[in-house]
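Taking it in order: structure first as structure tokens, then the write-up.
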Amino acid sequence: MTCRVQVSDTTEEAVRQAAEAIVRILRDAIEERGWASLALAGGRTPRPLYLQLAQSPYRTAVQWGWIEWFWSDERPVPPDHPDSNYRLAVETLFSRITPPASRIHRLLTELDPREAARLYEATIRRVFGVDPPGIPRFDLILLGMGADGHIASLFPGTAALEEQQRLVVANEVPQLQATRLTFTPPLLRAARAILVLVTGEEKAPAVRDALEGPMDPKRHPAHLLRQVDGQVLWILDRAAASQLISHRESCGSSQPNADLA
Ligand SMILES: O=C(O)[C@H](O)[C@@H](O)[C@H](O)[C@H](O)COP(=O)(O)O
């Protein structure tokens with residue numbers, strides 16, 4: 001596992017850095033295996049990133065049609081709802097690069113959440129051609145992070161953090177009084193690459209905890225990223241990085257109180 005931290009002076013520069021990294025990782029994957037698997041993040045942070053990818057030079061830098069598109073989590077809303085992570089991608093990216101519909105794999109939030117999670121896991125396994133007990137390895141999973149340290153819909157203290165078998169679950173989130181669909185720790189850990197884009201002052205304490213705090217994934221789900229098989233790239237703007245004590249480029253290890261190498 002390799003982990004790196006990139007800090008940009010502005011949010012705009014962080015978004016550009018993220019777009020560069022995404023293009024690089026996807027181009028390498030397509031060159032190596034003829035296709036690429038990408039899981040998108042939701043929330044507010046990715047909006048400018050997806051808009052950036054839909055513009056030159058990024059728009060023509062990747063064979064977007066060779067990508068299998070997934071989401072690392074989804075809210076319990078219809079696909080045309082303003083809060084839908086699927087709708088975010090359609091509005092900002094798909095409307096411009098028009099990937100084949102057959103390669104767009106939406107979480108079916110119109111179903112019972114447990115059924116939707118089971119079906120999504122079956123879709124992931126079918127597309128990757130990986131049966132249990134194997135775990136599909138995403139070429140790239142995009143994540144944001146909440147001010148409470150949650151990633152995807154793995155919120156502090158929630159049951160999904162304990163999941164060790166399934167790839168996708170319906171996670172009861174008392175903090176939201178909602179059930180969210182989310183990738184689980186095993187699926188995140190197996191990723192070839194994870195890119196975490198975090199911007200804004202309000203995230204600075206969570207970023208410090210995530211990168212410099214003692215290992216405690218139940219309280220800080222972002223600590224799970226210290227256990228990823230592949231590469232983890234944190235891309236931060238100066239505001240989100242403002243409470244980091246160490247300004248080294250490499251992240252903390254999985255050891256408690258690990259010094260930043
Ligand atoms: O569905 C979601 O909301 C995301 O997947 C979630 O994990 C998000 O990345 C964080 O909540 C940060 O959200 P913001 O980018 O809006 O701050």
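First listed ligand is number 1; within each ligand, the first listed atom is number 1. When a residue number appears, it is its place in the shown sequence, counting from 1. Side-chain atoms are counted along with the backbone in the values below, which use heavy atoms only and exclude waters and symmetry mates.
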Please write down residue, atom name and distance for the protein heavy atom closest to atom 9 (O) of ligand 1. Gly144 CA, 3.3 Å

Give the minimum heavy-atom separation between Met1 and Leu225, together with the two atoms involved. CE-O, 3.1 Å

Give the contacting part of Glu74 toward ligand 1: side chain, backbone, both or neither, where contact means a heavy-atom distance below 4.0 Å. neither

Does any N or O atom in Ala152 lie less than 3.5 angstrom from one in ligand 1, N or O only? yes

Protein residue, atom and distance nearest to atom 16 (O) of ligand 1, heavy-atom basis: Arg44 N, 2.7 Å

Heavy-atom proximity to atom 2 (C) of ligand 1, picking from Glu202, Arg75, Arg47, Met145, points to Arg75

Specify the protein heavy atom at minimum distance from atom 10 (C) of ligand 1: its residue, its atom name, and the distance to 0.1 Å. His150 NE2, 3.3 Å

d(Thr11 OG1, Ile235 CD1) to nearest 0.5 Å is 12.5 Å

My understanding is that we take every heavy atom of each candidate and find the minimum distance to atom 4 (C) of ligand 1. Doing that for Leu181, Asp73, Asp83, Thr199, which one comes out nearest? Asp73

Note: ligand 1 atoms sitting under 4.0 Å from heavy atoms of Asn85 are 1 (O), 2 (C)

Side chain, backbone, both or neither: which part of Ser72 comes within less than 4.0 Å of ligand 1 when only heavy atoms are counted? neither

To which protein heavy atom is atom 13 (O) of ligand 1 closest, and what is the distance rounded to 0.1 Å? Gly43 CA, 4.2 Å

Atoms of ligand 1 close to Arg180 [distance to a heavy atom under 4.0 angstrom, numbered from 1]: 1 (O), 2 (C), 3 (O)

Check: Phe70 ring centroid to Phe183 ring centroid under 6.0 Å: no

Just by modelled atom types, is the Arg59 backbone N or O under 3.5 Å from a matching donor or acceptor in the Trp64 side chain? yes

Protein heavy atom at shortest distance from atom 17 (O) of ligand 1: Lys203 NZ, 2.7 Å

Sidechain N-carboxylate O distance under 4.0 Å for Glu121, Arg118: no

Checking Trp71, Trp69, Tyr120 against Tyr86 for ring pair (Phe, Tyr, Trp, His ring centres under 6.0 Å), the one that qualifies is Trp71

State whether a side-chain donor-acceptor pair under 3.5 Å links Asp139 with Ser37. yes

So do the side chains of Tyr58 and Ile22 get within less than 4.5 Å of each other, counting heavy atoms only? no

What is the nearest protein non-hydrogen atom to atom 15 (O) of ligand 1, stated with its residue, atom name and distance? Thr45 OG1, 2.6 Å

Go through the steps to decide whether Leu236 and Leu244 satisfy the test side chain to side chain contact (heavy atoms under 4.5 Å, CB included), and finish with yes or no. CA-CA 11 Å; Leu236 312 170; Leu244 285 179; 4.1 Å; yes

Identity and distance of the protein heavy atom lying nearest atom 8 (C) of ligand 1: Gly42 O, 3.9 Å

Residue Gln177 excluded, over 12 heavy atoms near CD under 6.0 Å: no

For ligand 1, note which part of Leu143 has a heavy atom under 4.0 Å away: side chain, backbone, both or neither. neither

